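Here's the structure, in structure tokens; my notes come after.
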Amino acid sequence: MPAFTEAFTDTHDFKTQLSDSAQAAFVAEGFDAAAGRVNASDRPDLADFQCNGALAVAKAAKANPREVAGKIVSHFTDDARLSKLEIAGPGFLNFTLSDDALSARANVLAGDARLGAPKVAQQRKIIIDFGGPNVAKPMHVGHLRTAVIGESLKRILRFLGDEVMGDAHFGDWGYQMGLLIVAVSDEQPDLPYFDADFTGDYPTDAPVSLDDLERLYPLASNKGKADEAYRDRAKKATRELQQGRKGYRALWQHFVTVSRTALIRDYGALSVEFDWWKGESDADPFIEGMIADLKAKGLLEPDQGAQIVRVAKPDDKKDVPPLLVVSSEGSSMYGTTDLATIVQRKTEYQPDLTLYIVDQRQSDHFEQVFRAAYLAGYAHEGQLEHAANGTVNGTDGKPFKTRDGGTLKLHDLISQAEEKATARLHEAGLGEGLSEAAFADTAHKVAIAALKFAELSNHRLTNYIFDLDRFMSFEGKTGPYLLYQAVRMKSILRKAVDQGVAAGVITVGEVAERELVLLLDGFDNALKETYLKRAPNILADHVYKLAQGFSKFYAACPVLVGDDAGVKASRLALVRLTLRQLELGLDLMGLSAPEQM
RNA sequence: GCACCCAUAGCUCAGCUGGAUAGAGCGUUGCCCUCCGAAGGCAAAGGUCAGAGGUUCGAAUCCUCUUGGGUGCGCCA
């Protein structure tokens, strides 16, 4: 199995270019190449890029950092990319790009179908596991997190060249299924599903609606906690379901189908798409063989009536409990299905990497499962990764609740956001010329952008506060701001067509133009960082800054208003380039901009 | 009890493998539509980066401790 370095290719941004040159210079002077790392400047008033390597290297070499910096500078004489290279303070290298270099870069980007995005050096097969929503539990705001972050990561990894499969990984196989079976049998005992001697065909229509499931699940769950006899019945039903009792399987199939319909609706509204709608139950056929294999490898041992795999290591700082593979009831646990799913994926897909986009509260669980998988040889060390996310809290800092104390269903949240967006559109007197369908589409895009961008702009581990009013304000650093800038650009492009102005060669002159091109150039690095850290907030930040950079440019540099045809053509080309990168960035976040808003 | 995560402006959050004057948005106070869409732009005020030590030429960032939050710890997922 190859070791993957997560390196990139097709990368031509200035940060990389200058780093390459600076590294060569440091090496030529007998220093470590790592010192040549060039970053965007902390002081944009002084320079575009900086390198701090001279300070780092000087100490070991017992040299004066400014002298070291001087030696590096000598390697850049007559570098056409730079208009200025200065040594500042204790030994910072300050690079300022020439307008010509920026113009050239802008024109390259304008001709690049990938808008400056890099590619992975080595393609991998990656599964993104969305840590599935559960059957019968309605999606709530907490599910936004995983869905939105996972979808964005999926799109980004795929765009950079990996083969990526998103798997919903439905929670459809545990104790909760037993609970539901018992709950339905109590309410509708005459259904054929419960008659063990029934030999006919089971009804094709579901005996329960989505509302029934959402009502029954919490009811049964609470009963199971309070009533031991009830719990035992549910456990028995769970085991019988897993062992293949026909009536239970048929009833269970209805649960899954009914739930999945609602999930498809909600995920669809969020533009979250799965390549696989698999669930825990799909791993079931692999469990028997896996258990035999674990036994053969001497990893499985009986303990307190259950079958476990010990995964603790001698140097553990904490107690890592064993993974429970078979419960004392004889049924599979979520650890069982998670491990069996790894076996299944290895058998059916051979992924190089599996990313679990799941709440950080499950980190111990994944640690156990991953260790067991590594021990059993179902995956190689490092191929399983828990890209944890934080929890969503309300304005009181506690897990999000509505004002009346209930949980807000995702479906209702989306509806509220759409209503708000609709109201805002009417208020601004916009979209009146649009057809009803186009208007609704715009309102939907605005609403989704608000929700998703709010998710994506936080780091995935942040336990952030979900404040509906703030998210719906549509002003400042929000999704609608991004869409608004895109719409402004589209408006310019439409006007340009009317006026017969065509895009031409980009020539950078004004400060706002320089800054915009520097931002466009930064797309490459933003994508790399996002990829390496599995952190879409880095991309979100880039896209926001790009939109902001455009808005400043828009205010400072009229595109279609002047007399100079060359300037018009250049600025128009810059607008078009910016729009293309903005829309690509939006798409990688799972968003899209309307024509008008 | 043990372990993990977190603490940055009034509020919500960024801050890359340590580097110059810690950044956004909201809110507050001023400006800016006879000019491509004001869901916008410009400017100002606002921070002992929880506290204390340590490493370092240099720390919000790395290490230790303290305080204060959150989370998890074999038969629910």
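This is a predicted model, so every value here is computed, not measured. Throughout, protein chains are lettered first and strands after them, A, B, ... in sequence-line order, and every chain is numbered starting at 1. The basis for the numbers below is simple: all heavy atoms, side chains too, and nothing from hydrogens, waters or symmetry mates.
- A straight line from CG of A/Leu339 to C1' of B/rG74 spans 15 Å, rounded to a whole angstrom.
- Under 4.0 Å is where a charged nitrogen must lie from a carboxylate oxygen, and between A/Glu6 and A/Arg534 at least one such pair does.
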Next item on the list: For side chain to side chain contact (heavy atoms under 4.5 Å, CB included), just list the numbers for A/Leu425 and A/Thr442, CA-CA rounded to whole Å, side-chain angles, deciding distance to a tenth of an Å, and then say yes or no.
Entry: CA-CA 9 Å; A/Leu425 283 167; A/Thr442 299; 4.1 Å; yes
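- Note: CZ (A/Phe92) to P (B/rG18) measures 14 Å, nearest angstrom.
- Applying the Watson-Crick and G-U wobble criteria (two distances, each under 3.5 Å), B/rG19 pairs with B/rC57.
- Pair check for B/rC76 finds none; no Watson-Crick or G-U wobble contact set falls under 3.5 Å.
- Comparing B/rC73, B/rC16, B/rA77 against the side chain of A/Glu529 picks out B/rC16 as the nearest.
- In this structure, A/Tyr531 has its ring center under 6.0 Å from that of A/Phe8.
- The aromatic rings of A/Phe31 and A/Phe26 sit perpendicular, their planes meeting at an angle over 60°, well past the 30° parallel limit.
- Within 4.0 Å of A/Ala88, counting heavy atoms only, lies at least one base atom of the nucleic acid.
- Sequence order on RNA chain B of the closest nucleotides to A/Asn458 and A/Val57 puts A/Asn458 first from the 5' end.
- Qualifying salt bridge (charged side-chain N to carboxylate O under 4.0 Å, His left out) partners for A/Lys225, counting only residues two or more places apart in sequence or in other chains: none.
- Separation of the C1' atoms belonging to B/rG1 and B/rC62 is 29 Å when rounded to the nearest angstrom.
- A/Tyr334 comes within 4.0 angstrom of a nucleotide base, judged by non-hydrogen atoms across all strands.
- Using a 4.0 Å heavy-atom distance criterion, A/Lys545 is classed as making no nucleic acid contact.
- Remark: A/Glu427 engages A/Arg424 in a salt bridge, criterion side-chain N to carboxylate O under 4.0 Å.
- Counting non-hydrogen atoms under 4.0 angstrom, A/Ile538 reaches nothing in the nucleic acid.
- As rounded to the nearest Å, B/rU71 and B/rU28 have C1' atoms that lie 36 Å from one another.
- Pair assignment for B/rA3 gives B/rU71, based on Watson-Crick or G-U wobble hydrogen-bonding distances that are each under 3.5 Å.
- Between the C1' atoms of B/rA22 and B/rG46, the separation comes to 14 Å (whole Å).
- The CZ-C1' distance, from A/Arg371 to B/rC73, rounds to 13 Å in whole Å.
- Within 90° of 0 lies the glycosidic angle of B/rC33, which makes this nucleotide syn.
- Taking atom NZ of residue A/Lys15 and atom P of nucleotide B/rU17, one finds them 11 Å apart after rounding to whole Å.
- Residues A/Lys568 and A/Asp564 are not paired through a salt bridge, judged by the lack of any N-O separation under 4.0 Å between the basic side chain and the carboxylate.
- Seen from the ring of A/Phe550, A/Arg488 does not count as a face-on cation partner, given the 6.0 Å and 45° thresholds.
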Notebook entry, point to check: What string of B, S and - do you get for nucleotides 35-43 of chain B, 5' to 3', when a contact is any protein heavy atom under 4.0 Å?
Noted result: SBBSBSSS-
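- Residue A/Asp45 is classed as a base contact, given a heavy-atom separation below 4.0 Å to a base.
- Among the protein residues, A/Asn389 comes within range of no part of the nucleic acid, since none of its heavy atoms lies under 4.0 Å from any strand.
- Remark: the separation of the C1' atoms in B/rU8 and B/rG15 is 9 Å, to the nearest Å.
- One N or O donor and one acceptor, one from the side chain of A/Asn94 and one from the base of B/rA20, sit under 3.5 Å apart.
- A tilted orientation is assigned to the rings of A/Tyr544 and A/Phe453, their planes being inclined by 30° to 60°.
- If you check every strand for non-hydrogen atoms under 4.0 Å, A/Gly174 touches sugar and phosphate atoms only.
- Electrostatic pairing of A/Asp541 and A/Lys477 counts as a salt bridge here, judged by a charged N lying under 4.0 Å from a carboxylate O.
- For A/Lys236 and A/Asp232, the salt-bridge test fails: no basic side-chain N is under 4.0 Å from an acidic carboxylate O.
- With a glycosidic angle no more than 90° from 0, B/rG74 adopts the syn conformation.
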Margin query: Test side chain to side chain donor-acceptor pair (under 3.5 Å) on A/Asn94 and A/Thr96; report intermediate values, then the result.
Written below: CA-CA 7 Å; A/Asn94 279 342; A/Thr96 303; over 6 Å; no
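- In this structure, B/rC36 makes no Watson-Crick or G-U wobble pair, since no nucleotide meets both defining distances under 3.5 angstrom.
- Following rounding to the nearest Å, A/Ile87 (CD1) and B/rA20 (C1') show an atom-to-atom distance of 15 Å.
- Using a 4.0 Å heavy-atom cutoff across all strands shown, A/Thr462 reaches sugar-phosphate atoms only and no base atom.
- Nucleotide B/rA14 forms no Watson-Crick or G-U wobble pair with any nucleotide shown, as no partner meets the under 3.5 Å limit on both distances.
- Distances were taken from every side-chain heavy atom of A/Lys533 (C-beta onward) to each of B/rC16, B/rG15, B/rG19; the shortest belongs to B/rC16.
- Annotation: B/rC4 and B/rU64 have their P atoms spaced 10 Å apart (nearest Å).
- Using a 4.0 Å cut-off between charged nitrogen and carboxylate oxygen, A/Lys445 and A/Asp441 count as a salt-bridge pair.
- Remark: A/Asn537 is in phosphate contact with B/rG15, judged by side-chain N or O atoms under 4.0 Å from OP1 or OP2.
- Taking atom P in both B/rG51 and B/rU61, one finds a spacing of 11 Å when rounded to whole Å.
- Within the 4.0 angstrom heavy-atom criterion, only backbone atoms of the sugar-phosphate kind lie near A/His459; the bases stay farther away.
- Nucleic acid contact for A/Gln50: base, since at least one base atom lies under 4.0 Å from a heavy atom of the residue.
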Tabulate protein N/O versus nucleotide N/O from nucleotides 2-6 of chain B, keeping only pairs under 3.5 Å, one per line.
{"from": "B/rC4", "atom 1": "OP1", "to": "A/Lys317", "atom 2": "NZ", "distance (Å)": "3.3"}

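- Remark: B/rA44 base-pairs with B/rU28; criterion is Watson-Crick or G-U wobble with both hydrogen-bond distances under 3.5 Å.
- To the nearest angstrom, P of B/rC57 lies 12 Å from CG of A/Leu55.
- Using C1' as the reference atom, B/rU12 and B/rC75 are 41 Å apart when rounded to the nearest Å.
- The listed nucleotides are B/rC16, B/rG74, B/rU12; the one nearest the side chain of A/Arg470 is B/rU12.
- Across all strands shown, B/rA52 forms a Watson-Crick or G-U wobble pair with B/rU64, both key distances being under 3.5 Å.
- Between A/Asp359 and A/Arg361, at least one side-chain N (NZ, or NE/NH1/NH2) sits under 4.0 Å from a carboxylate O, which counts as a salt bridge.
- Taking atom OH on A/Tyr464 and atom P on B/rC26, their separation rounds to 19 Å, with Å as the unit.
- Residue-to-nucleotide proximity on RNA chain B shows that, of A/Ala40 and A/Asn134, the 5′-proximal contact is made by A/Ala40.
- Within 4.0 Å (heavy atoms only), A/Ile465 reaches sugar-phosphate atoms of the nucleic acid but no base atom.
- Comparing the C1' positions of B/rA52 and B/rA59 gives a spacing of 15 Å, expressed to the nearest Å.
- A close approach under 4.0 Å does not occur between any side-chain nitrogen or oxygen of A/Ser457 and OP1 or OP2 of B/rA24.
- Note: CG (A/Asn52) to C1' (B/rA20) measures 9 Å, nearest angstrom.
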